[in-house]
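To start, the structure under review is shown below, and the notes come after it.
Note that these values count all heavy atoms, side chains included, but never hydrogens, waters or copies made by symmetry. To find a chain, count down the sequence lines: A is the first, B the second, and so on, and within it residues start at 1.
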Amino acid sequence: MGRWIVASAWPYAYSIPHLGNLIGAPLSADVFARFLRKMGEEVVFVSGSDEHGTPIEAEARRRGIHPRELTDEMHERLRDLFRRFGISYDNYTRTESPVHVDFVRDFYSKVYDNGYVFEREVEQLYCPNCRMFLPDRFVTGTCPYCGNPSAYGDQCDRCGKLLKPTDLIGPRCVFCGSTPVLRRTKHWFFDLPRFAGPLEDYVSGNERLPDNARNMSLAMIREGLEPRSLTRDNSWGIPAPFPGAEGKTIYVWMEAVLGYVSAVREWAEEAGDPAAFDTYWKSPDTRAVYFIGKDNIPFHVIILPALLMASGEGYVLPYNVASTEFLMYEGMKFSKSKGVGIWMDEALDLLEPDYWRYYLLATRPERKDANFSWSDFEEKINGELNDVLGNFVHRVLTFVRSRFGGVVPDGEIDGESSETLAEARSHAERSLEEMKGFRMRRSLQEVMEVARIGNRYLNSRAPWDQIRVDREAAAATIRTAVSMVKMLSVFIEPFLPFSAEKIWGMLALDGDVHRVTYGEAFNPVPGGHEIGEPRPLFSKVSREDLIARLEEIRRDRG
RNA sequence: AGCGGGGUGGGGCAGCCUGGUCAGCCCGCCGGGCUCAUAACCCGGAGGUCGGUGGUUCAAAUCCACCCCCCGCUACCA
């Protein structure tokens, strides 16, 4: 039996995640965590709201409220949305959690004591009106290369040139439009370059890392790492613990990544078993898996491991960083400002979560960017989720009701039937192999294959004919088919937990489908067992209706 | 610009690492079957020579070189 930390990227507590964010981290992580639990592994699945940083501080200032008021509300909304999507966190916490704050301060004290932090004076743009230093991204002006009047201090979105904020012609504060001035300030830096060697060994030695993550990281290491600033002049954040750093806070990124660690500590303490923290984070055989979008690779493959090393605490390095490519929306990038995409709250207003879970997992951007399109959505939901899976379950269960009075007949499973069960089983088992390799789309496909086999089997056995001439044979067919439905409910559970629960309920089986292990899935349903009332699991969707309703929802919300 | 990923029948993808048994899967299309089921399910068929060129090899979608096209990333936004 193994022990796993499943970590999902922390959403920034500023806006609702869209479907691309959902599949990239929380949903993928959830499927994996549920899979591990069914494998009988020890799992702790954590994430939380990332609530510090300039955007939130600036927004709070604009509204004249304390940032915490903003993040209190957003944290609750996020927690609620994840719950409604069935994301089975063991701990969904936040960076304002006292456990996290203490952990971060303690962690960086150790890194400091170990000699990996140094201070340096830098010049940075400062907005006298907002009375705050401006990160590069928050300075706007005219691009010196292409003349784009709304280039940002880090990059011009039109010509793609990388910029420094001081390159901009006519720089302005993005919040108030004032002209920023250069000011000197002191910052504390993490001496990342000193970990180049160990990092290179770690990255090149971890052959599980996806190609994109490994290659990108190795290239960065070889090009030369630079020290990373650990502090900011923001007031909203975790106070830096370094001597002389009063008034400085820890840079959000360098702090929020530690949430993976602190969230496990908090979970262990709340469970009344503080020692479990060390068991998870400090046992060399614990496997820590991170689910992130590809834009987060450098932070998880380079900076996080370096920080963990620098602490000297013996924390386990990432076993894998399961990064996904991006999801596009009708061929365009998701964009809140342009209204391109679908957001988690809207999705739940349109359909039950398993519809989204199915589509997103079947379309998961694993090796290249994938595209959400309504026509594809309609096709997959109607043709696969509804017609293949939903209809198979329904036709089997209604047959038990109408021909056997709702009682699974005590048919002896014959040769053909046991061959079919074996075939179904081999696909089910293959789905587990795919999952171990983080190929969730194929894993899901293999589970769906069980339903396809079931449909084929029913057609070839034709129990509606059998029952007129050979009730025994019909009984065998139906008991076999019911057993396949059971197999399906267990194997589909990580992907579609709500539907799995419905199927399990209609089968009226004992226990909890979320806890039952894969091994149990293969035990045939005994003859004489009475099932519940079958109800269709899904219904077909119409993209015109959905699009129209989405527009309605947006109108209502203003 | 550098780096990474991708280009396979009408659409969406797998196969490529470990060359031959690979041209596969889902959808769509055409034809047929069935009627237990949510006009669902099942069977058969047409359709691709695997972005281009050149090479390695007895043999290449699969290895090598060069070229073309699409997308993304490039670290102090989170």
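If you take atom P in G55(B) and the same atom in C71(B), they sit 32 Å apart, rounded to whole Å. Between C29(B) and G10(B), the two P atoms lie 16 Å apart (nearest whole Å). Of the P atoms belonging to G4(B) and U53(B), the separation is 25 Å, rounded to the nearest Å. A gap of 11 Å separates the P atoms of G19(B) and C64(B), to the nearest Å. With both ends at atom P, the span from G48(B) to G11(B) equals 13 Å, rounded to whole Å. Comparing the P positions of G5(B) and G15(B) gives an interatomic distance of 14 Å, to the nearest angstrom. Spacing between C34(B) and C42(B) at atom P, rounded to whole Å, works out to 16 Å. Nucleotides C58(B) and G12(B) have their P atoms positioned 39 Å apart, rounded to a whole Å.
Taking atom NE2 of H427(A) as the reference point, atom P of A14(B) lies 19 Å away to the nearest angstrom. At whole-Å resolution of the value, CG in D136(A) and P in A75(B) are 10 Å apart. Whole-Å rounding puts the I221(A) CD1 to C3(B) C1' distance at 14 Å. Straight-line distance from the CZ atom of R137(A) to the P atom of A75(B): 11 Å, rounded to whole Å. With rounding to whole Å, E366(A) atom CD is found 17 Å from C71(B) atom C1'. Distance M328(A) CE to C71(B) C1': 7 Å, rounded to the nearest Å. Going from atom CG of L125(A) over to atom C1' of C77(B) covers 16 Å, rounded to whole Å. The interatomic distance linking Y260(A) (OH) with A78(B) (C1') rounds to 12 Å, in whole Å.
As judged by a 4.0 angstrom heavy-atom cut-off over every strand, P536(A) is placed among the base-contacting residues. Within 4.0 Å (heavy atoms only), I303(A) reaches no atom of the nucleic acid at all. Note on M254(A): nothing from the nucleic acid sits closer than 4.0 angstrom, heavy atoms only. Residue R452(A) is in sugar-phosphate contact alone, with no base atom involved, counting any heavy-atom pair closer than 4.0 Å across all strands shown. When heavy atoms are screened at a 4.0 angstrom cut-off, T398(A) is found touching the sugar-phosphate backbone but no base atom. The residue P55(A) sits close only to the backbone: its heavy atoms come under 4.0 Å of sugar-phosphate atoms, none of a base. At a threshold of 4.0 angstrom between heavy atoms, the contacts of G224(A) include nucleobase atoms, whether or not backbone atoms are also involved. At a threshold of 4.0 angstrom between heavy atoms, the contacts of F538(A) include nucleobase atoms, whether or not backbone atoms are also involved.
Aromatic ring centres of H300(A) and Y260(A): separated by under 6.0 Å. Checked against a 6.0 Å centroid threshold, the rings of Y359(A) and W356(A) do not count as neighbours. In this structure, F326(A) has its ring center at least 6.0 angstrom away from the ring center of F334(A).
Side-chain polar atoms of N234(A) and T54(A) form a donor-acceptor pair below 3.5 angstrom. A donor and an acceptor atom, one from each side chain of S49(A) and Y92(A), are located under 3.5 Å apart. Using modelled atom types and a 3.5 Å distance limit, the side chains of E423(A) and Y457(A) yield no donor-acceptor pair. Neither side chain, Y329(A) nor S335(A), offers a donor N or O lying under 3.5 Å from an acceptor on the other. With 3.5 Å as the limit, one finds no donor-acceptor pair spanning the side chains of T71(A) and E96(A).
Judged by ring centres under 5.5 Å apart and planes tilted less than 30 degrees, F399(A) fails to stack against the six-membered base ring of C36(B).
With U35(B), C41(B), C76(B) as the candidates, the nucleotide lying closest to the side chain of D387(A) is C41(B). Checking G15(B), A40(B), C76(B) against every side-chain atom of Y251(A), the shortest atom distance belongs to C76(B).
Among the candidates F118(A), Y112(A), Y108(A), F195(A), the single residue satisfying the ring pair (Phe, Tyr, Trp, His ring centres under 6.0 Å) test with F190(A) is F195(A). Just one of F242(A), F189(A), Y251(A) meets the side-chain contact (heavy atoms from CB on, under 4.5 Å) condition when paired with T231(A); it is F242(A).
Here R94(A) pairs with D72(A) in a salt bridge; the nearest charged N to carboxylate O distance falls below 4.0 Å. A salt bridge links E433(A) with K436(A): at least one charged nitrogen is closer than 4.0 Å to a carboxylate oxygen. Using a cutoff of 4.0 Å between basic side-chain nitrogens and carboxylate oxygens, R456(A) and E449(A) are scored as salt-bridged.
For R68(A), the CZ atom sits in a packed shell: over 12 heavy atoms of surrounding residues, nucleotides or ligands are nearer than 6.0 Å. Surrounding CD of E533(A) are more than 12 heavy atoms belonging to other residues, nucleotides or ligands, all under 6.0 Å away.
Side chain N386(A) to base U38(B): a donor-acceptor pair is found below 3.5 Å. Side-chain to base pairing of N459(A) with C41(B): one donor and one acceptor N or O lie within less than 3.5 Å of each other. Between the base of A37(B) and the side chain of N391(A) there is a donor-acceptor pair shorter than 3.5 Å. A donor-acceptor contact under 3.5 Å is formed by the side chain of R395(A) with the base of C36(B).
RNA chain B forms stems at B:1-7 with B:68-74, B:10-13 with B:24-27, B:29-33 with B:41-45, B:51-55 with B:63-67, each a run of 3 or more consecutive Watson-Crick or G-U wobble pairs whose two key distances fall under 3.5 Å.
Here K333(A) does not reach the OP1 or OP2 of C71(B): none of its side-chain N or O atoms lies under 4.0 Å away.
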Between the protein and nucleotides 10-13 of chain B, which nitrogen or oxygen pairs come in under 3.5 angstrom?
none

Between the protein and nucleotides 43-47 of chain B, list every N/O to N/O distance that falls short of 3.5 Å.
unit_1, atom_1, unit_2, atom_2, d
C43(B), OP1, R456(A), NE, 3.3

